Amino acid sequence: MGCCTGRCTLIFICTFQLVLALERQVFDFLGYQWAPILANFFHIIVVILGLFGTIQYRPRYIVVYTIWTALWVAWNVFIICFYLDVGDLSKDSDLLTFNISAHHSWWREHGPGCTRREIPPGGVGGVGGMDTHSYVSVAGCLLEYEYIEVLHSGCQILVSLLGFVYACYVASAITEEEDSFDFIGGFDPFPLYHVNEKPSHLLLKPMYLST
């Protein structure tokens, strides 16, 4: 295949997916989002597997990448529904942290234009009490954190759909090339470098030189 074929395009898509996944993994780690962290980890592994299969002409690896891409699209659709409070889902729940902690998206307090102010325990007046937890007030955000998460997932879906289409095309093309190669040499009952062994029916007789 040439450089401007679907295979090279799929290599570029997989590389771009790795960059997006690593960027997302960093911010999910900062926000202690354990469910997305695990999902990103498996996504990175499968994308590397698909990239390797594309470079090395391994259609089975590309098929695995294709199946995972469909699951990855479904996962990002769920993330969009989660942050948009679709149905019984709520972005204020601890679902993405497995109810281990009360952390939320890192963008909730560090979004573009956000001003973060920490309120000490006891309130603004500083009156002590049983409450020993400090509170964080966030204001002035140019874009709410849920929309940033939705944009992240939307980009993941778009790139994954492109990867799915090109992966199907590349896997099909590689399989057809392998089948055509087998068809050319598949009817030869002997291997390519097989040497026919003929029964030795000639007896070696000593030769005498007459003087």
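Fair warning: this is a prediction, and the values are worked out from it, not measured in the lab.
Atom CD1 in Ile62 sits 11.0 Å away from atom CZ in Phe52 (nearest 0.5 Å). Taking CD of Glu149 as the reference point, atom CD1 of Ile80 lies at 10.5 Å (rounded to 0.5 Å). Residue Glu146 holds its CD atom at 11.0 Å from CG of Leu151, rounded to the nearest 0.5 Å. The line from OH of Tyr65 to OH of Tyr166 is 12.0 Å long, rounded to the nearest 0.5 Å. The CZ atom of Arg7 lies 7.0 Å from the CD1 atom of Ile174; values are rounded to the nearest 0.5 Å. Going from atom SG of Cys114 over to atom CZ of Arg108 covers 11.0 Å, rounded to the nearest 0.5 Å.
Residues His43 and Pro36 are not in side-chain contact: their nearest non-hydrogen atoms beyond the backbone lie 4.5 Å or more apart. Looking only at side-chain heavy atoms (C-beta outward), Gln56 and Tyr61 stay at 4.5 Å or farther from each other. Put simply, the side chain of Cys14 reaches to within 4.5 Å of the side chain of Leu10, judged on heavy atoms. Two residues are said to be in side-chain contact when any heavy atoms from C-beta on lie closer than 4.5 Å; Cys8 and Thr5 meet this criterion. A 4.5 Å side-chain heavy-atom check between Arg24 and Leu20 finds every atom pair outside the cut-off. With a 4.5 Å cut-off on side-chain heavy atoms, Ser93 and Phe82 count as touching. Put simply, the side chain of Ser105 does not reach to within 4.5 Å of the side chain of Leu96, judged on heavy atoms.
Across every non-hydrogen atom of Ala167 and Thr66, the tightest pair is CB-OG1, 3.3 Å. Residues Ala171 and Pro59 approach most closely at O-CB, 4.3 Å, considering heavy atoms. Scanning both residues, Asp85 and Ser90, for their nearest heavy atoms gives OD1-CA, 3.3 Å. Considering every non-hydrogen atom in both Gln17 and Val47, the closest pair reads OE1-CG2, 4.0 Å. Between Gly111 and Ile148 the shortest heavy-atom distance is CA-CD1, 4.4 Å. The nearest pair of heavy atoms linking Ser160 to Trp72 is OG-CD1, 3.1 Å.
Aromatic ring pairs are classed by plane angle as parallel below 30°, tilted from 30° to 60° and perpendicular above 60°; the pair Tyr145 and Tyr83 is perpendicular.
Under the 3.5 Å distance criterion, the side-chain polar atoms of Thr15 are matched with a main-chain donor or acceptor of Ile11. In this structure, the side chain of His110 engages the main chain of Trp106 through a donor-acceptor pair within 3.5 Å. In this structure a side-chain-to-backbone donor-acceptor pair under 3.5 Å is missing from Gln33 to Thr97.
Side chain to side chain, His152 and Glu23 meet the donor-acceptor criterion of an N or O pair below 3.5 Å.
Residue Leu158 is not grouped with residue Val77 when hydrophobic side chains (ILVMFWY) are merged at heavy-atom distances under 4.5 angstrom, including chains of intermediate members. No single ILVMFWY cluster, assembled from side-chain heavy atoms under 4.5 Å apart, contains both Ile13 and Val165.
Clustering of Ile, Leu, Val, Met, Phe, Trp and Tyr side chains at separations under 4.5 Å places Leu38 together with Phe29, Tyr32, Trp34, Ile37, Phe98, Ile100. By the 4.5 Å side-chain criterion applied to Ile, Leu, Val, Met, Phe, Trp and Tyr, Ile67 is assigned to a cluster that also includes Val63.
Counting heavy-atom neighbours within 6.0 Å of Phe16 CZ, excluding the residue itself, gives a total of 12 or less. Within a 6.0 Å sphere centred on CZ of Phe164, heavy atoms belonging to other residues, nucleotides or ligands number 12 at most.
A ring-centre distance under 6.0 Å is found for Phe78 and Trp75.
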Going through the distances and angles, do Gln156 and Val73 end up as a side chain to side chain contact (heavy atoms under 4.5 Å, CB included)? CA-CA 7 Å; Gln156 293 283 347; Val73 170; over 6 Å; no
